[in-house]
Amino acid sequence: MHDFIIDEDSELWDVIYDGPFFHTEILGEPAVKVLKTRKDYNDADRKAIEKNFRVKKILVCGIGPDEYNSFSACQSAKEIWEDLKIAHEGTTQVKQSKIDMQTTEYELFRIKDDESI
């Protein structure tokens, strides 16, 4: 999936890592950052929104219908990616537990009396 996204557009991977871009403008005195309304978006803002939609589409098209319901509520490509990582790799604790179990299994690996090399 990672290579497909990079082949599509190298900036799309940034959308996954950095999360969605919040379109803000600075108003007033003293200066305060506020979210822009849709009517105030410029071309760069629209391009950033389009990139998030493109990545979401790529990710959603790459999952099966059984998983779609789990990710359909996600607002950003970053949220979908994080949920996919947890669903398929597990949390750090789950990954460490799997490593520990396989290490123990390897350490206990012995040839049985009825087996030959």
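As a basis for the values below, the full set of heavy atoms in this structure was taken, side chains included, without hydrogen atoms, waters or symmetry mates. The structure presented is a predicted model; accordingly, all values stated were derived computationally and were not measured.
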List for me each residue that meets salt bridge (Lys or Arg N to Asp or Glu O under 4.0 Å) alongside Lys85, sequence neighbours excluded, and say none if there are none.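 For Lys85, the residues satisfying salt bridge (Lys or Arg N to Asp or Glu O under 4.0 Å) (neighbours in sequence not counted) are Glu82.
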Can you sort out the partners of [X] under side-chain contact (heavy atoms from CB on, under 4.5 Å), two or more places apart, ordered by chain and number?
{"X": "Asp43", "result": "Arg46"}
{"X": "Gln75", "result": "Glu79"}
{"X": "Ser116", "result": "none"}
{"X": "Glu115", "result": "Ile111, Lys112"}

Set of residues satisfying side-chain hydrogen bond (donor to acceptor under 3.5 Å, both in side chains) with respect to Asp40, sequence neighbours excluded: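 Partners of Asp40 under the side-chain hydrogen bond (donor to acceptor under 3.5 Å, both in side chains) test: Thr37.
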Return the set of residues passing side-chain hydrogen bond (donor to acceptor under 3.5 Å, both in side chains) with Asp113 (not counting sequence neighbours), or none when no residue passes.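 Expected list: none.
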Sorted by first residue and then second, give each ring pair (Phe, Tyr, Trp, His ring centres under 6.0 Å) pair with at least one member in residues 98-117; sequence neighbours left out.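 Output for this query is empty, none listed.
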What distance do [X] atom [atom1] and [Y] atom [atom2] have between them, rounded to the nearest 0.5 Å?
{"X": "Met101", "Y": "Thr103", "atom1": "CE", "atom2": "OG1", "result": "10.5 Å"}
{"X": "Glu50", "Y": "Arg54", "atom1": "CD", "atom2": "CZ", "result": "6.0 Å"}
{"X": "Ile58", "Y": "Ile63", "atom1": "CD1", "atom2": "CD1", "result": "13.0 Å"}
{"X": "Ile16", "Y": "Asn52", "atom1": "CD1", "atom2": "CG", "result": "9.5 Å"}

Residues in ring-ring contact (aromatic ring centres under 6.0 Å, His included) contact with Tyr41, at least two apart in sequence or another chain: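 His23.
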Any donor and acceptor pair, going by atom type alone, linking the side chain of Asp83 with main-chain N or O of Ile80 inside 3.5 Å?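 No, the answer is negative, given that no donor and acceptor are paired below the 3.5 Å cut-off.
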